[in-house]
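Have a look at the structure below, then the notes.
The shown structure was predicted, so the numbers you read here are calculated from the model rather than taken from an experiment. Just the heavy atoms: all of them, side chains too, but no hydrogens, waters or symmetry mates, feed the values below.
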Amino acid sequence: MIRTASVAVLAALLSALAPAASAQVVKVTPLGGFDGEFCAQDRALVFEDPNGTRILYDPGRTVVGAGDARLGKIDIVLVTHMHGDHVGNAHTKAVDAGSCASPDMSVSAQPNTSAVNIALAKKAKIVTGSEMPPFFAARLRAGGGNPADSVLARFGGSVLIGGVRIATVTAMHSNGVDPDLIGGDLGKAMKEAGIAGDVGLATGYVLRFSNGLVAYLSGDTGITADQELVVRNHYQARLAVMNIGDGFTTGPAEAAYVINELVKPVAVIPSHANEAGTVDGKVRPGSKTEAFVKAAKVSVHLPLSGRTMEFDAGGKCMAGC
């Protein structure tokens, strides 16, 4: 009788603890242009910490403005650099508009950006590095928001917001502000002269979530020594989001080298393919996406729009992959 009671108590205890244990995952939801696919303009990812903090990474052009129902609560907006396909100079009119290879981008956000519009609507903070925070502070102020919600996380330092530690890391890429985002006579003169605004270097990010998972978000970048010395050796990233598009960033071969030899995470989510990477949710034969999947020596999880993936502290996908 005593043994039976003890077993029953133990079973009840384990049952009570199971939900708490299973909740200790980071959820990653791609907000792409076409439901269930990985398409040409897809950049945006929502990371949800086990404590409920939600981070929108590079809203780009596939989030249907600040009113996109897929966004839900957003606490933090991360922007790697000021190019329109990341900050959101325009956006699609609806999910599944256009084609996967050439998504609709017909709705202009200029002279504002989707990043700012979403931050204002959600009362979220915009976290950036380099010299970008003053630009976003001015935009928040102009939109009736709080300029203090533009938060700096410069190279070598970090900020803790909502239980998530955010650090910026090197990304080798240009970072000019389009004159159309500056506007007025100054913007017109800059456009005529063919120059962009200087807001410093582009960035990548390393996020440490409350369950211990460390994720590297490459942003637009080439191969850098910091991917080993900083991202791997210091931060010990276990999950990576890696750009594979070529031409503007690492191509599939270069991205695979970064993952296989430098960062060495447990798993990687490809990004910025600049192509229709999938058809019916499967890798498109002959694509750059296929080349990366074949070259990578770690688990590759495609960011299929609207499909939530769950990762444990070690970077292993526990569901949705």
What's the shortest heavy-atom distance between N51 and G162, and which atoms? ND2-O, 2.9 Å
Working to the nearest 0.5 Å, report the span between OG1 of T249 and NE2 of H173. 7.5 Å
Taking it one step at a time, do V77 and F136 satisfy side-chain contact (heavy atoms from CB on, under 4.5 Å)? CA-CA 11 Å; V77 178; F136 284 113; over 6 Å; no
Would D220 and H86 count as a side chain to side chain donor-acceptor pair (under 3.5 Å) if you check the C-alpha gap in whole Å, the side-chain angles of each, and the deciding distance to 0.1 Å? CA-CA 9 Å; D220 282 8; H86 291 259; 3.0 Å; yes
Output the distance between atom CZ (F38) and atom SG (C100), rounded to the nearest 0.5 Å. 9.0 Å
Within 6.0 angstrom of R208 CZ, more than 12 heavy atoms from elsewhere: no
Donor-acceptor pair, R238 side chain versus D312 backbone, under 3.5 Å? no
Steps toward side chain to side chain donor-acceptor pair (under 3.5 Å) verdict (T29, E48): CA-CA 8 Å; T29 306; E48 182 173 332; over 6 Å; no
Ring centers of H301, F311 separated by less than 6.0 Å: yes
Audit row: R154, E131, salt bridge (Lys or Arg N to Asp or Glu O under 4.0 Å) steps and yes/no: CA-CA 9 Å; R154 193 165 285 159; E131 302 301 327; 3.3 Å; yes
So that I can tick it off, tell me whether D178 and K191 are bridged by a salt bridge, with the cut-off set at under 4.0 angstrom between side-chain N and carboxylate O. no
Any side-chain heavy-atom pair of M190 and L186 under 4.5 Å: yes
Do T170 and D226 have side-chain N/O donor and acceptor atoms under 3.5 Å apart? yes
Walk me through whether V206 and V214 qualify under side-chain contact (heavy atoms from CB on, under 4.5 Å). CA-CA 7 Å; V206 171; V214 178; 3.5 Å; yes
Determine whether a donor-acceptor pair (N or O, by modelled atom type, separation under 3.5 Å) exists between the side chain of E275 and the backbone of T289. yes
Would M82 end up clustered with I118 when hydrophobic side chains under 4.5 Å apart are linked, directly or stepwise? yes
Heavy atoms, side chains only, cut-off 4.5 Å: are D85 and H272 in contact? yes
Any Q227 side-chain heavy atom under 4.5 Å of T221 side chain: yes
Looking only at side-chain N and O atoms, does D75 offer a donor or acceptor that is under 3.5 Å from a partner on T53? no
Could you check whether D280 pairs with K282 (Lys NZ or Arg NE/NH1/NH2 to Asp/Glu carboxylate O, under 4.0 Å)? no
Does D58 use its side chain to pair, donor to acceptor, with the backbone of T80 at less than 3.5 Å? yes
Please walk me through it: do V230 and Y216 pass side-chain contact (heavy atoms from CB on, under 4.5 Å)? CA-CA 10 Å; V230 179; Y216 166 53; over 6 Å; no
List for me each residue that meets salt bridge (Lys or Arg N to Asp or Glu O under 4.0 Å) alongside D104, sequence neighbours excluded, and say none if there are none. none
Of all the heavy-atom pairs spanning A273 and I244, show the shortest one and how long it is. CA-CG1, 3.9 Å
Return the minimal non-hydrogen interatomic distance between P30 and V28, and the atom names on each side. CD-O, 3.8 Å
If only atom types and distance count, is the side chain of E228 paired as donor or acceptor with the main-chain N or O of A225 below 3.5 Å? no
Residue K93 excluded, over 12 heavy atoms near NZ under 6.0 Å: no
From E310 atom CD to C317 atom SG, the distance as rounded to the nearest 0.5 Å: 8.0 Å
Between S150 (side chain only) and P133 (backbone N and O only), is there a donor and an acceptor less than 3.5 Å apart? yes
Nearest heavy-atom contact between P270 and P303 is O-CG, 3.2 Å
Do V164 and V241 sit in one hydrophobic cluster, given that two such residues count as connected whenever their side-chain heavy atoms are within less than 4.5 Å of each other, even indirectly? yes
With a 4.5 Å cut-off on side-chain heavy-atom distances among I, L, V, M, F, W and Y, is there a chain of contacts connecting V64 to V116? no
Any heavy-atom pair between the side chains of F34 and T92 that's under 4.5 Å? no
Taking all atoms of both residues into account, what is the closest heavy-atom pair of N146 and L140, and its distance? O-CD1, 3.6 Å
Is there a side-chain contact between T224 and V169 (heavy atoms, below 4.5 Å)? no
Show your reasoning for whether side-chain contact (heavy atoms from CB on, under 4.5 Å) applies to L78 and L207. CA-CA 11 Å; L78 296 181; L207 308 181; 3.9 Å; yes
Could you tell me whether the side chain of N89 and the main chain of H83 form a donor-acceptor pair under 3.5 Å? no
Measuring only between side-chain heavy atoms, which start at C-beta, is M132 closer than 4.5 Å to T203? yes
Within one Ile-Leu-Val-Met-Phe-Trp-Tyr cluster: V107 and V95, side-chain cutoff 4.5 Å: no
T308 versus K27: any side-chain heavy-atom pair under 4.5 Å? yes
Side chain to side chain, R284 and T278, heavy atoms closer than 4.5 Å: no
Measure the spacing between CG of D149 and CZ of R141 and express it to the nearest 0.5 Å. 11.5 Å
Heavy-atom count check: over 12 atoms from other residues, nucleotides or ligands less than 6.0 Å from F155 CZ? yes
Fit a plane to each ring of F47 and Y57, take the angle between them on a 0 to 90° scale, and name the class: parallel (under 30°), tilted (30 to 60°) or perpendicular (over 60°). perpendicular
If we ignore hydrogens and angles and just use 3.5 Å, is the side chain of S130 paired with the main-chain N or O of A202 as donor and acceptor? no
Is there a donor-acceptor pair closer than 3.5 Å between any side-chain N or O of N211 and the backbone N or O of Q24? yes
Would you find a donor on one side and an acceptor on the other, under 3.5 Å apart, between the side chain of K288 and the backbone of P252? no
Would you say R54's side chain and L71's backbone share a donor-acceptor pair under 3.5 angstrom? yes
Same cluster or not: are I269 and F292 linked, directly or through other Ile, Leu, Val, Met, Phe, Trp or Tyr residues, by side-chain heavy atoms under 4.5 angstrom apart? no
